[in-house]
Amino acid sequence: VWIEVTSEPARGLADLLLRSDRSVGIQEEDVDRALLRAPVVTVILSTVAVGMMLRAAVRILRGQELSLFPPMLPTTPLHFGPVTVTPLNLGIVGLSLLLVAACMGFFQFTRLGKGMQAVAQNKDAAALVGISVPRTYARIWAISSVLAGTAGIFLAPLIIISPDMA
């Protein structure tokens, strides 16, 4: 099966990855350092507040209109006996499996992944052995934003996008 990737969504993905990396750096310097030692309730409330600000920004820029995101893979159905799937659905499942395997390998076999595990288990002990906790948090934000953006780009064609999505 030949799967063609259209150029416009691919450019959007590349743009998202570049912007997320830059915005994570700004966020880490301005916001995350203040939240490092904050109580958990403060972190949760600030996350909700950022979500509300993003939703308001989308309403200002796009209005209340519903929109569809163009798929990166074809949506023409493929029939395998009684089963009908699309290349987009197969791509989502394949990408999910690939990302899970990549994350498992990352956390098991890389120094950075092990450092992230150490910070998650005990920030103070990780700092004592020389792991930069703020830098690790910034990297976690960058990786998670790339994963979330990738998931959003692949799942967005399956749903109608509205500013009130949460």
Side-chain angles (χ1 to χ4, degrees), residues 5 9-62 67 69-73 88-166:
V5 178
R11 275 184 281 188
L13 177 61
D15 188 45
L16 171 77
L17 296 178
L18 292 174
R19 287 182 189 208
S20 68
D21 187 41
R22 274 187 254 135
S23 66
V24 165
I26 294 168
Q27 175 186 353
E28 192 272 331
E29 289 178 9
D30 296 340
V31 178
D32 287 348
R33 290 188 186 181
L35 293 174
L36 262 176
R37 301 275 184 209
V40 174
V41 174
T42 305
V43 175
I44 292 171
L45 289 175
S46 64
T47 303
V48 171
V50 168
M52 293 173 71
M53 288 187 288
L54 289 173
R55 189 174 296 131
V58 169
R59 283 191 183 125
I60 290 169
L61 295 173
R62 301 275 309 187
S67 53
F69 194 81
M72 289 192 69
L73 300 172
L88 179 62
N89 291 347
L90 293 174
I92 290 170
V93 170
L95 180 68
S96 300
L97 293 174
L98 179 71
L99 289 175
V100 166
C103 285
M104 286 176 58
F106 172 75
F107 285 112
Q108 286 181 357
F109 301 115
T110 67
R111 187 174 175 183
L112 178 59
K114 294 204 181 276
M116 287 180 177
Q117 288 179 18
V119 169
Q121 290 174 8
N122 190 336
K123 289 186 274 192
D124 296 329
L128 285 174
V129 296
I131 298 172
S132 171
V133 175
R135 185 176 297 144
T136 301
Y137 277 129
R139 290 176 177 163
I140 290 169
W141 272 101
I143 291 169
S144 64
S145 65
V146 168
L147 288 174
T150 304
I153 287 172
F154 272 88
L155 292 176
L158 301 177
I159 55 176
I160 296 174
I161 302 169
S162 74
D164 295 318
M165 295 176 72

Notebook entry, point to check: What are the two closest heavy atoms between Pro157 and Pro71, and how far apart are they?
Noted result: CG-CA, 3.5 Å
Note to self: Testing the basics here: between Gly115 and Thr136, what is the closest heavy-atom pair and its distance to 0.1 Å?
What the structure shows: O-CG2, 4.4 Å
Next item on the list: Report yes or no: does Lys114 contribute a side-chain atom to a donor-acceptor pair with the main-chain N or O of Phe109 at less than 3.5 Å?
Entry: no
Notebook entry, point to check: Is any side-chain heavy atom of Leu158 less than 4.5 Å from a side-chain heavy atom of Asn89?
Noted result: yes
Taking atom [atom1] of [X] and atom [atom2] of [Y], what is their separation to the nearest 0.5 Å?
| X | Y | atom1 | atom2 | value |
| --- | --- | --- | --- | --- |
| Ile140 | Ser145 | CD1 | OG | 12.0 Å |
| Leu90 | Leu73 | CG | CG | 9.0 Å |
| Ile143 | Leu112 | CD1 | CG | 5.5 Å |
| Leu155 | Thr150 | CG | OG1 | 10.5 Å |
| Gln117 | Ile131 | CD | CD1 | 10.5 Å |

